[in-house]
Amino acid sequence: MLNHIDFIDSHTAGEPTRLIIAGGPDLGTGPLLERLARLRHHHDTVRRTVINEPRGSEVLVGALLCPPHDPSASAAVIFFNNVGYLGMCGHGTIGLIASLAFLGRITVGEHRIETPVGTITAHLNPDGSVTVANVASYRSARHVAVTLPDGRIIHGDVAWGGNWFFLCHDHGYDLQGDSIATLTIGANTIRHALVAQGITGVDNAEIDHIELFGQASPGADSRSFVLCPGNAYDRSPCGTGTSAKLACLADDGLLAPDAEWIQESIIGSRFQARYRRDAQGQIWPIITGRAYVTMVGQIMSNPDDPFVYGIPQ
Ligand code: PYC
């Protein structure tokens with residue numbers, strides 16, 4: 001018997017999202033964190049089948065569309081990649097909204113979306129762009145020194161934008177000139193050094209995204225290279241990474257609430273960003289970008305296929 005999973009692929013500023021719209025596991029109802037635990041512990045084969053080769057690749061971010069727990073929300077979503085699960089995903093949320101609009105399930109306006117790290121709002125704009133009001137973002141540590149295997153000492157901030165990031169400027173790479181391969185090796189070296197030196201987010205959370213900053217192109221405020229947990233780089237400017245950046249800028253007094261910040265990715269694609277500060281001083285990032293639907297398909301799973309659950313990572 002061939003089982004199948006229906007999906008829609010999109011890309012947001014170059015970064016792909018594969019949204020599962022039917023054929024996924026039944027995770028029941030209830031808070032999304034509980035459903036994420038069920039997916040992780042009992043149905044991880046779905047993640048591997050959808051994302052890993054030969055049906056996908058490490059570049060894809062997967063998104064499982066779920067019914068919302070709170071009836072005022074339009075949808076709930078669990079994001080994942082080739083090595084595990086994400087708290088939030090900015091480009092993926094933009095892709096989700098574009099895909100739901102493509103299906104005719106939502107119209108222009110505001111939509112509440114449940115994610116495992118909190119409910120966010122996404123506004124489908126009349127021009128097709130999407131504005132995401134992310135979870136509260138913050139910096140947990142500033143100017144942390146990290147020693148690399150070659151003896152160099154670099155510094156970075158540790159910040160939460162829905163995922164944990166290490167944001168580094170003095171890494172020594174040229175973001176306009178160095179190859180993706182060089183940047184990937186460099187960012188990966190930093191990630192391993194953070195683990196080896198016990199540098200974590202709050203509650204010992206692993207910092208699984210590395211964000212290197214460099215000289216922006218004209219018209220942008222900043223250019224970044226973001227390495228994702230499964231060793232693929234983010235083709236988009238990374239919504240949660242941009243949120244982490246805004247939290248640092250706000251803390252340093254370098255960006256005022258509601259002032260526009262243009263974040264450029266390593267491939268030159270851009271997000272417009274700004275933030276609001278609430279009465280408690282919390283930073284709430286707002287990210288605008290655009291996604292395009294690229295493919296509609298069915299993933300076939302044949303039990304006789306030796307790689308039915310993907311090539312192990
Ligand atoms: O846009 O937040 C994001 C993201 C996380 C990982 C890849 N993209």
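Reckoned from all heavy atoms, side chains included, excluding hydrogens, waters and symmetry mates. No experiment lies behind these values; they were computed from the predicted model shown.
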May I ask you to decide if [Y]'s main-chain N or O and [X]'s side chain share a donor-acceptor pair within less than 3.5 Å?
{"X": "D234", "Y": "V226", "value": "no"}
{"X": "R18", "Y": "V50", "value": "yes"}
{"X": "H11", "Y": "Y292", "value": "no"}
{"X": "E264", "Y": "S217", "value": "yes"}
{"X": "R274", "Y": "P285", "value": "no"}
{"X": "D157", "Y": "H143", "value": "yes"}
{"X": "E114", "Y": "H69", "value": "yes"}
{"X": "D278", "Y": "G281", "value": "yes"}
{"X": "R55", "Y": "M300", "value": "yes"}
{"X": "R223", "Y": "I266", "value": "yes"}

Do [X] and [Y] share a hydrophobic cluster, counting only Ile, Leu, Val, Met, Phe, Trp and Tyr and linking them when any side-chain heavy atoms are less than 4.5 Å apart?
{"X": "I283", "Y": "F165", "answer": "no"}
{"X": "Y85", "Y": "L32", "answer": "yes"}
{"X": "V293", "Y": "I20", "answer": "no"}
{"X": "I51", "Y": "Y233", "answer": "no"}
{"X": "L103", "Y": "V77", "answer": "yes"}

Hey, are the side chains of [X] and [Y] touching, using non-hydrogen atoms and a 4.5 Å cut-off?
{"X": "L39", "Y": "R47", "value": "no"}
{"X": "V308", "Y": "T45", "value": "no"}
{"X": "D9", "Y": "P16", "value": "no"}
{"X": "I199", "Y": "V146", "value": "yes"}
{"X": "F102", "Y": "I8", "value": "yes"}
{"X": "F213", "Y": "Q263", "value": "yes"}
{"X": "E58", "Y": "E53", "value": "yes"}
{"X": "H123", "Y": "N125", "value": "yes"}

Examine W164 together with Y138 and report whether their ring centres are nearer than 6.0 Å.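 Yes, ring centres under 6.0 Å apart.
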Which heavy atom in [X] sits nearest to a heavy atom in [Y], and how many Å separate them?
{"X": "C89", "Y": "V61", "value": "SG-CG1, 4.1 Å"}
{"X": "R270", "Y": "I262", "value": "CD-CG2, 3.8 Å"}
{"X": "E211", "Y": "T242", "value": "OE2-N, 4.0 Å"}
{"X": "A75", "Y": "L65", "value": "CB-CD1, 3.8 Å"}
{"X": "L255", "Y": "E260", "value": "CD1-O, 4.2 Å"}
{"X": "T93", "Y": "A122", "value": "CG2-CB, 4.2 Å"}

Mind checking the [atom1]-[atom2] spacing from [X] to [Y]? Nearest 0.5 Å is all I need.
{"X": "D150", "Y": "T189", "atom1": "CG", "atom2": "OG1", "value": "8.5 Å"}
{"X": "I190", "Y": "I154", "atom1": "CD1", "atom2": "CD1", "value": "3.5 Å"}
{"X": "M88", "Y": "W160", "atom1": "CE", "atom2": "CH2", "value": "10.0 Å"}
{"X": "C228", "Y": "L86", "atom1": "SG", "atom2": "CG", "value": "7.5 Å"}
{"X": "R139", "Y": "D252", "atom1": "CZ", "atom2": "CG", "value": "4.0 Å"}
{"X": "L212", "Y": "Y173", "atom1": "CG", "atom2": "OH", "value": "8.0 Å"}

Under the side-chain contact (heavy atoms from CB on, under 4.5 Å) rule, what do F271 and T12 come out as? Steps first, then yes or no, please. CA-CA 10 Å; F271 284 161; T12 308; 3.9 Å; yes
Taking 4.0 angstrom as the limit, do [X] and [Y] come out as a salt bridge?
{"X": "R112", "Y": "D70", "result": "yes"}
{"X": "D221", "Y": "K245", "result": "no"}
{"X": "D127", "Y": "R290", "result": "no"}

Stepwise side-chain hydrogen bond (donor to acceptor under 3.5 Å, both in side chains) test for S269 and S265: CA-CA 5 Å; S269 57; S265 74; 2.8 Å; yes
For side-chain contact (heavy atoms from CB on, under 4.5 Å), just list the numbers for N231 and V83, CA-CA rounded to whole Å, side-chain angles, deciding distance to a tenth of an Å, and then say yes or no. CA-CA 9 Å; N231 231 16; V83 292; over 6 Å; no
Any donor-acceptor pair under 3.5 Å linking the side-chain atoms of N134 with those of Y275?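 The answer is no; no qualifying pair exists.
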Pair S74-H111, side-chain donor/acceptor within less than 3.5 Å: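 Judged by distance alone, the side chains do pair up.
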Quick check: are there more than 12 heavy atoms from other residues, nucleotides or ligands sitting under 6.0 Å from [atom1] of [X]?
{"X": "R276", "atom1": "CZ", "answer": "no"}
{"X": "D203", "atom1": "CG", "answer": "no"}
{"X": "Q197", "atom1": "CD", "answer": "yes"}
{"X": "Y309", "atom1": "OH", "answer": "no"}

F79 and T240: CA distance, side-chain angles, deciding distance, side-chain contact (heavy atoms from CB on, under 4.5 Å) verdict: CA-CA 12 Å; F79 294 109; T240 50; over 6 Å; no
Could you walk me through whether Q313 and N52 satisfy the side-chain contact (heavy atoms from CB on, under 4.5 Å) test, starting with their C-alpha distance in whole Å, then the side-chain angles of each, then the deciding distance to 0.1 Å, before giving a yes or no? CA-CA 8 Å; Q313 293 278 297; N52 290 353; 3.5 Å; yes
For L194, run the side-chain contact (heavy atoms from CB on, under 4.5 Å) check against V158, I207, D208 and tell me which one passes.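 It is I207; the other options fail the test.
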